Structures are given as C-alpha cells and as structure tokens.
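All values derive from a computational prediction rather than experimental measurement. Every chain is numbered from 1, with letters handed out A, B, ... down the list of sequences.
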Amino acid sequence: MPRVRFAPSPTGYLHVGGARTALFNWLYARKTGGTMVLRIEDTDRERSTDAHTQVILDGLTWLGITWDEGPLFQGANLEQHQAGVRKLLDAGRAYHCFCTREELESQRAAAAAQKTGFRYNGRCRSIPADEAARRRAAGEEATVRIRMPDGELAWDDAVHGRISFQGHDLDDFVILRSDGTPIYNLAVVSDDIAMRITHVIRGDDHVSNTPKQIAIYRALGAQEPVFAHVPMILGSDGKKLSKRHGATAVGDYQDQGIFPAAMRNFLALLGWSPGGDREILPEAELIDLFSLEGIQSKPAVFDTAKLEWMNGQYLSATPAGELLPAVTRQLGRLGVDAGGRALEPLIDGVKARSRTILQLAEQVAVRLAGPKGEPDARGIALRKKLGPAFAEHLRRAVAVLESLPADEWGAESILAALTASAEFAGAKLGDALQPIRVVLTGGTVSEPVNELLVLVGREAALERLRRAAAETEPVG
RNA sequence: GGCGCUAUCGUCUAGGGGCCUAGGACACAGCCCUCUCAAGGCUGGAACACGGGUUCGAAUCCCGUUAGCGCUACCA
C-alpha cells in the first residue's frame with residue numbers, strides 16, 4: 001500500500017500551491033487505498049509558529065483533505081536525524097567541515113562577482129577522521145557535509161519521466177549545522193525513510209533537491225521512493241504566484257465565500273486532467289479518475305475568473321436549504337437580522353446572480369434591510385435619465401400596489417397590475433419597473449421586479465417606495 | 001554563470017504518427033430569451049514557439065535554437 005505525505009513548513013499561511021500539492025497526495029492515497037501522513041516541517045525554529053501550523057490544519061480541513069497519520073512534527077525527530085548523520089560519518093559517506101560561515105560567504109561573494117556559480121571547494125574533504133575528532137574536542141565548530149559521489153543521480157519521475165543529474169555538478173552540501181541540528185534535505189530523507197513513505201509527491205521547486213536526497217538515500221543504504229514533481233502555480237503574469245497577485249492563501253478564498261468543493265475541483269484541474277472534457281467533478285469522481293500520469297508537466301496560471309465560475313456552478317447546484325448555515329453566518333457578519341424570516345426563497349431568488357456565498361449574502365441582505373446609502377452609478381444614471389418621470393413611475397407603482405390586498409401579493413398578480421398600470425399611463429414596462437428596482441436594491445440588477453416585490457414583502461416594499469417617491473418628488 | 005525543467009487559443013486543457021480544415025471549458029463579442037442583470041441556449045474570433053531531421057504521413061518521435069520558470073544557504 002502506498003504511503004504518501006504532505007509536509008508543509010509552518011512559516012506562513014496555507015498557500016494555494018501547497019493546498020494543491022496536499023490535494024494530489026490525498027487524491028493519490030484515496031485512489032490507491034494508501035495512507036496519507038501529515039508532517040509539519042518545523043526545523044526552522046526561527047520562522048515556524050504554532051499559529052501557522054493551526055492555519056494550515058484548518059485550511060486542509062476546510063478543503064476536506066484528511067490525513068491518516070499525524071500531524072507529526074519534524075522537530076521531534078532530532079535524535080533520529082543525528083543518528084543518521086552519525087551513520088554516514090561512520091561509513092565515511094560524510095565528513096566534518098571546519099570552514100567558517102565568514103569564509104564561505106566571502107567565497108560566495110567572490111564567485112558572484114565573477115558571475116560564476118559557487119560550489120564548495122572541498123577543502124575539508126580530506127581531513128582524516130581522527131584529526132577532525134581532535135579539532136572538535138579542542139572546541140572547534142564544525143558542520144557535517146555529505147561526500148557527494150561522482151556519477152549519475154537519476155530517477156524515473158512519475159510526472160516528468162526520467163530526470164538525470166551528475167554528481168559532479170552538485171557539491172558536498174551541509175547536512176548537519178554546527179549546532180547539531182539537521183538541514184532540510186537530511187531531515188526529510190530521514191523522516192521519509194522512518195515513515196516508510198513510498199511516493200514523494202511535491203512541487204517542481206524540489207526537483208533540484210531530489211538528486212541530493214537520492215545521494216542520502218544511497219549513502220544510508222535505503223530504498224528510494226517514487227518521486228512525482230507537480231508543476232508550479234503561476235500568477236497571471238507568468239511569475240511564481242505571490243502576494244502581489246492578490247489572494248494566495250486558502251483562507252482568503254474561504255473568506256470570499258468560495259465552496260470547499262469548488263476550490264478542490266478547481267485546484268485539482270490546475271495541472272491535472274482526467275483526459276476528455278469533464279470539468280465539474282465531485283469528490284468521488286476526482287478520486288476515481290486521479291492518476292499521477294494525468295499530471296501536467298508544465299506550470300499553470302491561477303485564473304480567479306474560472307474559479308469563480310466554477311463556484312457559481314456549485315452554487316446553482318446547491319439547494320437553498322444547504323446554503324442556509326453559510327448565508328446566515330455571512331448575514332451575521334454583515335450585521336443584518338433576518339427577523340425570523342424564511343431565507344430560502346430569498347436565496348433562490350439571487351442564487352443565479354451570485355458566484356460566491358458572500359455576494360449571495362449581500363444580495364439577501366439588501367432584500368431584507370434595503371440598500372445602504374445612495375444607489376450605485378447605474379441607478380443614479382437612470383434616475384437622471386428619467387428625470388421627473390422617475391418619481392411619477394414610483395408614485396403610480398405605489399398607488400397600484402397599495403390597492404393590491406395582502407392576500408393577492410403574489411408574483412403574477414403584481415406583474416398583471418403593474419403591466420396594466422403602465423399600459424394605461426402609456427409608459428414602457430421597463431421604464432415603469434426599473435425605478436422600483438433601483439429603490440429596492442440600489443442598483444439596476446436583480447431578479448424580475450414582480451418577484452423582487454414578493455421577496456421584499458408588501459409592507460417593507462411599500463414603505464421604501466413611498467419614501468423614495470416623496471424624496472424624489474420635484475419641489476412645487 | 002552553472003544545473004535542471006517546460007513549451008497547443010489570453011487562461012485551464014484534450015490530443016500518445018493518419019480519426020485534426022486541432023476538440024472542450026473560462027474569459028471576450030454577437031444573437032435568442034427578456035422589465036434589468038444573471039442563468040440557459042446558439043454563433044463567432046482565438047493556439048500546435050522557431051528551425052532542422054525521421055516517416056508515405058507529424059501538434060504527436062529525435063536534434064538544435066529561442067523563450068519562460070525553478071534551484072544554486074549552517075532556509076524549507
């Protein structure tokens with residue numbers, strides 16, 4: 001049975017790229033009946049925080065990504081990592097390096113000045129073990145470097161096919177800091193071996209780490225896992241997705257009222273395709289269709305418009321009743337009290353015109369509490385265009401609607417009454433109705449006016465219309 | 001600079017030598033519907049980076065070129 005892991009470092013929020021990596025791991029585990037391990041890579045003590053860990057856990061949970069083991073913390077495995085280094089040292093596959101940070105930095109600067117790449121010069125490579133032991137006993141600080149073998153370091157990547165590096169292009173990199181704590185590549189390999197990880201599914205930014213990790217696997221005499229490097233997610237300018245592209249944290253989308261299922265569907269299709277034309281794929285289909293081979297080898301641009309479209313698809317497919325809790329929560333945030341009214345009809349009325357729960361809740365709020373402040377630009381433009389007629393239409397509407405008894409306050413009779421009145425006055429139906437829409441919603445966009453009136457309710461609608469008619473009445 | 005990865009409409013992609021005058025989706029434009037806007041339906045514009053091979057035949061295979069991206073720490 002495959003064992004996969006998602007291994008974020010808690011140094012920031014759960015990024016959409018990380019979320020997608022987690023999703024692919026999860027999909028693969030669920031598809032194959034394997035095990036998903038969650039490991040928090042907190043070896044960078046300076047930048048790791050518990051708050052970030054919690055945000056990552058929350059983000060995964062929101063997306064519906066579950067894990068079977070963990071969360072495990074890499075920091076807890078210090079002794080295991082050190083034991084691995086000792087084993088490498090004993091086998092002569094690693095050695096102590098006494099070069100100081102300052103020496104290394106000046107070498108790096110010199111290399112940069114000459115526009116040539118920096119590579120560790122191997123100065124400490126040939127220091128005999130007993131001499132190294134003596135110097136360390138004398139209090140000299142040392143890191144541990146792996147002895148990088150010559151020859152090929154290649155693997156058959158599950159998404160890219162064969163990828164090959166040459167050992168002599170890599171240098172003897174540090175695996176243990178002078179303070180005795182492990183460096184990322186060592187810790188990862190050590191943990192992946194200990195956790196019996198069979199498939200390492202991670203971002204493309206790790207492909208250049210892979211040959212280094214393979215060198216460690218070999219030096220440790222351990223079996224290498226299958227590697228699958230999934231492509232990066234880019235911003236609209238083709239550059240690596242970052243803060244300046246707008247929302248990149250999973251939590252941002254949660255706040256915007258995106259459905260977890262829509263986000264998951266969208267993320268899955270970013271860099272992966274089941275083949276064919278299917279787009280809207282529920283969880284079960286995603287799992288059933290998923291394969292590592294279906295993962296794209298080129299990076300993908302994150303397209304918010306398509307995410308919102310997809311969310312709209314999920315929104316229309318979700319019955320109003322299921323939307324109720326989320327809408328109620330948003331209404332609370334907007335400070336609008338439903339006053340015990342049944343929200344479902346309101347939700348159904350505006351559902352098709354919303355792409356996110358947030359937009360939907362805002363529309364419901366307007367129908368409940370009336371628009372806030374002045375109408376929008378198009379509403380004002382209409383008022384100007386109609387001039388005095390705007391108020392006339394309103395007054396006529398008020399008169400007709402008032403004459404409609406409460407028990408006849410239905411979409412059909414309202415439309416009939418309004419149509420007849422407009423006809424009698426020789427007004428175009430559109431001109432007669434649009435002012436009502438503007439007063440009731442603050443804009444020129446809504447469900448049909450007769451339905452809008454039903455949703456707002458007789459008393460509230462009449463009250464708002466009367467007031468607006470009076471306000472817009474020409475002086476004299 | 002070195003090493004590596006990648007290359008189909010603006011974007012996500014289908015495509016595994018002939019089914020391709022390259023299909024779908026988002027976005028865009030137009031039309032239908034219509035009291036507005038959506039939704040929905042229909043229509044349209046829009047791509048195989050370039051150059052060489054291989055082959056009867058190449059978006060598909062090979063080699064270059066170009067471009068983009070990633071990595072190049074006692075970060076992860």
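N450(A) contributes a side-chain N or O that forms a donor-acceptor pair with the base of rC35(B) under 3.5 Å. Between the side chain of K306(A) and the base of rA27(B), no donor-acceptor pair of N or O atoms lies under 3.5 Å. In the interface, the side chain of S446(A) is not paired with the base of rC37(B) through any donor and acceptor atom under 3.5 Å apart.
Of the candidates rG24(B), rU8(B), rA38(B), the closest approach to any side-chain atom of R353(A) belongs to rA38(B). For R101(A), taking side-chain heavy atoms from C-beta onward, the closest of the listed nucleotides rA76(B), rU6(B), rC74(B) is rC74(B). Comparing rC71(B), rC12(B), rC74(B) by their nearest atom to the side chain of R177(A) picks out rC74(B).
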**OP:** Would you check, one step at a time, whether the test salt bridge (Lys or Arg N to Asp or Glu O under 4.0 Å) holds for R353(A) with E451(A)?
**Re:** CA-CA 14 Å; R353(A) 261 164 297 269; E451(A) 292 172 27; 6.0 Å; no
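If you check every strand for non-hydrogen atoms under 4.0 Å, N209(A) touches a base. Using a 4.0 Å heavy-atom cutoff across all strands shown, E279(A) reaches at least one base atom of the nucleic acid. At a threshold of 4.0 angstrom between heavy atoms, the contacts of K239(A) are confined to the sugar-phosphate backbone, with no base atom among them. At the heavy-atom level, K351(A) lies nowhere under 4.0 Å from the strands shown. V449(A) comes within contact range of at least one nucleobase, with a heavy-atom separation under 4.0 Å. Across all strands, S164(A) comes closer than 4.0 Å only to sugar-phosphate atoms, never to a base (heavy-atom distances). The residue D431(A) sits apart from the nucleic acid: no heavy atom pair falls under 4.0 Å.
Put simply, K298(A) has a side-chain N or O that comes within less than 4.0 Å of OP1 or OP2 on rU8(B). Phosphate proximity of rC37(B) to T444(A): absent, as no side-chain N or O sits under 4.0 Å from OP1 or OP2. For Q313(A), a side-chain nitrogen or oxygen approaches OP1 or OP2 of rG40(B) to under 4.0 Å. Taking 4.0 angstrom as the limit, R108(A) places none of its side-chain polar atoms (N or O) nearer than this to OP1 or OP2 of rG2(B). One finds a side-chain N or O of Q296(A) lying less than 4.0 angstrom from the OP1 or OP2 phosphate oxygen of rA14(B). Contact annotation: R355(A) reaches the phosphate of rA39(B) (side-chain N/O to OP1 or OP2, under 4.0 Å). Within the 4.0 Å cut-off from OP1 or OP2 of rC71(B), not a single side-chain nitrogen or oxygen of H206(A) is found. Proximity of T43(A) to the phosphate of rA76(B): a side-chain N or O atom is located under 4.0 Å from OP1 or OP2.
When each of F259(A), Y13(A), F302(A) is checked for a ring-ring contact (aromatic ring centres under 6.0 Å, His included) with Y253(A), only F302(A) meets the rule.
Looking at R135(A) and E140(A), a side-chain N of the basic residue comes within less than 4.0 Å of a carboxylate O on the acidic one, giving a salt bridge.
With a cut-off of 3.5 Å on both Watson-Crick or G-U wobble distances, the partner of rU66(B) is given as rA7(B).
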